[in-house]
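Below is one structure, written out as structure tokens; the observations come after it.
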Amino acid sequence: MGLFSFYKGRKVGSSAKVEALQKGPVRQRIDVVELALENGDKGVGLKVVAKSLASYQALPVSLNKEQAVELAQRILKAVDED
């Protein structure tokens, strides 16, 4: 979106956008991108975006493969019905 990348590493893959549940006038989403980390490993970039009429905030987060897998497992565990 902008001129600068605030991820640790370089974006190499397409991004996916996941819209969050909306409450009030603020819209939120999480953008997910594939990263090539400085050490040659793959990583994941997450950007939490919040927009309203008068403001825009974005928080970029870089994860290595192990951190991304741990986050995915915790998310799946949180919604698991068993």
Side-chain angles (χ1 to χ4, degrees):
M1 165 172 172
L3 299 173
F4 304 101
S5 174
F6 294 104
Y7 296 117
K8 183 177 177 109
R10 176 175 53 86
K11 289 196 282 188
V12 294
S14 61
S15 64
K17 298 177 188 312
V18 179
E19 296 290 331
L21 297 174
Q22 187 173 346
K23 181 177 180 184
V26 178
R27 295 180 58 112
Q28 298 171 314
R29 74 171 192 265
I30 299 174
D31 299 347
V32 182
V33 298
E34 296 175 39
L35 298 177
L37 301 178
E38 294 165 353
N39 64 2
D41 289 343
K42 288 179 111 178
V44 174
L46 302 175
K47 182 168 49 173
V48 180
V49 178
K51 295 193 294 187
S52 69
L53 282 173
S55 76
Y56 174 89
Q57 295 179 328
L59 174 65
V61 177
S62 301
L63 303 173
N64 63 28
K65 182 178 178 180
E66 292 79 19
Q67 293 167 322
V69 168
E70 181 181 351
L71 176 61
Q73 289 172 341
R74 290 176 183 261
I75 290 171
L76 290 172
K77 184 178 177 182
V79 297
D80 190 10
E81 297 183 64
D82 291 339

Heavy-atom closest pair (Val26 atom, Ala50 atom, distance to 0.1 Å) is CG1-CB, 4.2 Å
In the hydrophobic clustering (ILVMFWY, side-chain contacts below 4.5 Å, transitive), which residues join Ile30, or is it alone?
-> Val32, Val44, Leu46, Val48, Leu59, Val61, Leu63, Leu71, Ile75
Between the NZ atom in Lys11 and the OG atom in Ser62, the distance rounded to the nearest 0.5 Å is 11.0 Å
Flag the pair Pro25 / Leu53 as yes when at least one side-chain heavy-atom distance between them is below 4.5 Å, and no otherwise.
-> no
Which other residues belong to the hydrophobic cluster containing Val18, where Ile, Leu, Val, Met, Phe, Trp and Tyr are joined when side-chain heavy atoms lie under 4.5 Å apart, directly or via other members?
-> none
Can you tell me which residue pairs pass the salt bridge (charged side-chain N to carboxylate O under 4.0 Å, His left out) test with a partner in residues 67-79, sequence neighbours excluded?
-> Glu70-Arg74
Sequence neighbours excluded, which residues qualify as side-chain contact (heavy atoms from CB on, under 4.5 Å) partners of Ala20?
-> Gln28
Sequence neighbours excluded, which residues qualify as side-chain contact (heavy atoms from CB on, under 4.5 Å) partners of Ala72?
-> none
What salt bridge (charged side-chain N to carboxylate O under 4.0 Å, His left out) pairs are there with at least one residue in residues 30-45, not counting sequence neighbours?
-> Lys17-Asp31, Arg29-Asp31
